[in-house]
2 protein chains.
Amino acid sequence: MTKLKDIAQETGFSITTVSRALAGYDDVNAETRQQIMQTATQMGYQPNGVARQLRNQKTDTIGIIIPSDETRFSDDFFSELVMGVGYAAAHLGYDLLLSAQTSADEMGAYQRIVGGNRVDGVIIARTRRHDPRIAYLKKANLPYVVAGRSAPDEITDYPYIDVDSQRGIALATEYLIGLGHTHIGFIAPPQELAYTAYRLAGYIDGLHHANLPYRPDYVVYGDLRREGGAQMTRMLLREYPHITAIVAGNDAMALGAMTTITDMGLRVGVDVSVTGFDNIPSGEHAHPPLTTVRQPIQEIGQHLVERLISLIHREQLGETQTLLSPMLIVRESCGKVPS
Amino acid sequence: MTKLKDIAQETGFSITTVSRALAGYDDVNAETRQQIMQTATQMGYQPNGVARQLRNQKTDTIGIIIPSDETRFSDDFFSELVMGVGYAAAHLGYDLLLSAQTSADEMGAYQRIVGGNRVDGVIIARTRRHDPRIAYLKKANLPYVVAGRSAPDEITDYPYIDVDSQRGIALATEYLIGLGHTHIGFIAPPQELAYTAYRLAGYIDGLHHANLPYRPDYVVYGDLRREGGAQMTRMLLREYPHITAIVAGNDAMALGAMTTITDMGLRVGVDVSVTGFDNIPSGEHAHPPLTTVRQPIQEIGQHLVERLISLIHREQLGETQTLLSPMLIVRESCGKVPS
DNA sequence: CTGTTAGCGCGTTCAA
DNA sequence: TTGAACGCGCTAACAG
């Protein structure tokens with residue numbers, strides 16, 4: 001709450017001089033600076049960030065907006081992404097402004113944050129078909145980076161980072177085929193998400209690679225949550241009892257599938273196998289049981305931030321569109337809860 | 001990027017009139033307002049949030065600062081808390097400014113966010129012994145709420161929300177005793193955390209309640225991460241083979257303990273039992289295997305936001321210090337990863 | 001009903 | 001080496 005003005009009064013110099021002394025300009029008398037800096041620390045001066053932002057027309061802040069809360073309790077993608085983005089941003093001298101969409105006002109948060117000049121750049125995640133957020137940002141003239149390409153039948157003319165989930169799901173499918181399974185169900189992500197088409201294509205790739213027929217009735221759509229995975233698994237196994245393996249479109253649904261299998265009195269990995277796919281940027285990754293994937297998603301957040309800050313600084317970027325190679329996480333676990 | 005000025009020029013009215021028309025003041029000619037609002041939407045006007053903040057001396061934003069990243073990959077407390085806080089804040093018309101501490105500059109983020117007037121209030125979580133953040137905020141004259149009391153030997157003279165973890169760990173311990181165990185290890189949280197003393201006291205309470213002796217050598221300190229839980233479990237079981245049950249000071253360490261038990265060729269829940277405690281505010285909670293607790297921590301975030309916003313509005317608060325009753329989560333699971 | 005004036009706190013001309 | 005003046009974009013008090 002002490003302002004430049006206060007220090008100016010205290011030292012007898014003008015606000016301008018105080019400002020320059022503290023900013024480290026070299027056209028200030030050494031003694032003057034000394035005195036000013038001393039009283040500044042004495043009075044506990046902290047520059048007013050908001051005033052600075054207004055004056056400098058930059059905020060040193062990046063924005064991220066999380067979608068409204070249908071899936072908030074079960075799907076850990078955004079919570080991990082936010083952590084990764086937050087740490088990476090801090091490391092590079094940026095703060096993170098987080099806003100959640102409200103169901104009442106879909107684009108309100110974007111207008112407030114982006115249109116309101118609250119941030120220097122924005123991160124978008126979990127692209128949807130005909131995503132209105134991307135359309136909005138294209139017009140808004142503010143740097144942005146997207147986690148996830150548009151669907152294959154749309155144009156992706158913006159900077160993005162994505163994982164080759166088509167290949168990832170193909171690998172998951174081939175893994176199960178390699179175990180000897182021939183009737184393999186697929187719990188796909190929701191249809192409105194951009195990556196769903198890639199993942200479905202990967203499932204089909206995997207089958208075709210082994211000359212297995214693609215049966216559309218083996219494909220169901222889940223809600224990305226454990227509950228959805230559990231429910232769809234129940235449906236699949238009831239309808240098609242000869243299914244012995246399931247590919248889940250994401251991690252949470254894989255966990256849900258395992259729960260259902262256990263609940264049905266079957267053994268995961270014995271009676272029915274499950275693989276889940278998640279966004280894995282690169283490198284080795286441990287596969288402890290009982291855990292969901294955290295680090296890889298955080299790493300994507302880190303990539304996003306680095307890319308975005310380059311854009312903000314108008315630095316040269318090699319590629320603005322990056323497709324990370326997938327790393328498969330195969331998981332099969334069994335769980336029991338004591339009474 | 002269109003400003004009030006632009007609309008003023010376009011319509012011929014003064015900036016003030018435009019401002020008032022858009023703000024909905026009633027001392028504006030209906031026609032004038034009509035015209036102004038129309039050109040405003042036409043030009044895609046969005047008020048500049050930063051300028052507003054400076055002018056109004058409030059930001060409609062709350063701050064949260066997450067600690068530096070030793071535990072970022074394994075401990076899901078902060079990621080969930082942030083989600084809970086973010087959604088609750090959005091619901092109440094606030095944005096969330098997230099900043100991470102950097103190891104270089106412990107208090108830097110606080111000074112920037114709090115001292116820089118970037119937020120109307122702050123949330124602190126995971127209180128430490130002699131927490132410098134609390135000391136800082138006491139002086140800073142900015143509303144704040146703390147998740148977690150100070151340690152029992154310190155004074156807690158600030159608004160907080162906490163879970164009665166002493167009772168929670170006592171229940172966990174009694175649960176294991178009820179199963180017939182008499183040699184029960186405790187993997188405590190790090191000593192520097194404020195709640196550790198409560199949790200240790202709970203462990204002792206549980207033992208005493210059943211007239212079992214408290215053996216200090218059965219207590220080890222973990223790092224809140226799965227790795228720590230795993231490592232400490234290995235130590236405990238190697239050193240004291242007659243231990244048949246373990247209470248873990250948090251959820252992640254409980255998972256780590258299970259991993260170790262499995263790795264040692266023992267069966268979780270048969271050879272060695274495990275219970276983990278987590279922050280559970282209230283109400284029923286499902287106990288699916290293979291999952292960590294998300295919702296309860298988010299609910300704490302929600303409580304924190306509501307309390308903080310009351311403080312910001314200087315509304316009357318019944319209690320500014322709230323101790324939520326614990327709900328025990330007992331978990332025992334086994335996991336296997338396919339080769 | 002509308003416009004002029006003033007100032008939130010800061011940084012950056014420009015002149016002295 | 002220093003200070004006065006200006007403006008970032010907005011809102012509020014005060015006149016008219």
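Throughout, a chain's letter reflects where its sequence line sits, starting with A, and its residues are numbered from 1. Both backbone and side-chain heavy atoms feed into the values below; hydrogens, waters and symmetry mates do not.
- Listed candidates were D/dT11, C/dG11, D/dT2. Nearest to the side chain of A/R52 is C/dG11.
- Nucleic acid contact for B/I15: base, since at least one base atom lies under 4.0 Å from a heavy atom of the residue.
- Looking at heavy-atom distances under 4.0 Å, A/L4 makes contact with sugar-phosphate atoms alone, never a base.
- Using a 30° and 60° split on the angle between ring planes, B/Y136 and B/Y110 fall in the perpendicular class, above 60°.
- The side-chain hydrogen bond (donor to acceptor under 3.5 Å, both in side chains) with A/R118 is formed by just one residue from the set B/T61, B/N48, B/T59; it is B/T61.
- Heavy atoms from other residues, nucleotides or ligands lying under 6.0 Å from CG of B/N141 number 12 at most.
- Within the 4.0 Å cut-off from OP1 or OP2 of D/dA13, not a single side-chain nitrogen or oxygen of B/Y25 is found.
- For the pair B/K3 NZ and D/dG9 P, the computed distance is 4 Å after rounding to whole Å.
- Atom CE in B/M1 sits about 18 Å away from atom C1' in D/dC10, given to the nearest Å.
- Between the side chain of A/R55 and the base of D/dG9, no donor-acceptor pair under 3.5 Å is found.
- For B/T16 against D/dA12, a side-chain N or O and a base N or O form a donor-acceptor pair under 3.5 Å.
- A/M43 places its CE atom 13 Å from the P atom of C/dG9, with the value rounded to the nearest Å.
- We find that CD of B/Q9 is positioned 12 Å from P of D/dG9, with the value rounded to whole Å.
- A close approach under 4.0 Å does not occur between any side-chain nitrogen or oxygen of B/Y45 and OP1 or OP2 of D/dG9.
- In the set D/dC10, C/dG9, C/dT2, C/dG9 carries the atom at the smallest distance from any side-chain atom of A/N48.
- Put simply, A/S19 has no side-chain N or O that comes within less than 4.0 Å of OP1 or OP2 on C/dT12.
- With D/dG9, D/dT11, C/dG3 as the choices, the nucleotide that has an atom nearest any side-chain atom of B/T17 turns out to be C/dG3.
- To the nearest angstrom, C1' of D/dC8 lies 14 Å from CG of B/D6.
- Take the nearest nucleotide of DNA chain C for A/A23 and for B/R20: the residue whose nucleotide is more 5' is B/R20.
- At the heavy-atom level, A/N117 lies nowhere under 4.0 Å from the strands shown.
- To the nearest angstrom, C1' of D/dG7 lies 12 Å from CG of B/L54.
- The side-chain heavy atoms of B/V146 and B/T156, taken from C-beta on, include no pair separated by under 4.5 Å.
- In this model, the phosphate group of C/dG7 is not approached by any side-chain N or O of B/Q57 to a distance below 4.0 Å at OP1 or OP2.
- Side-chain contact between B/I66 and A/Y87 is present, with heavy atoms from C-beta onward closer than 4.5 Å.
- The residue B/D27 sits close to a base: some heavy atom pair falls under 4.0 Å.
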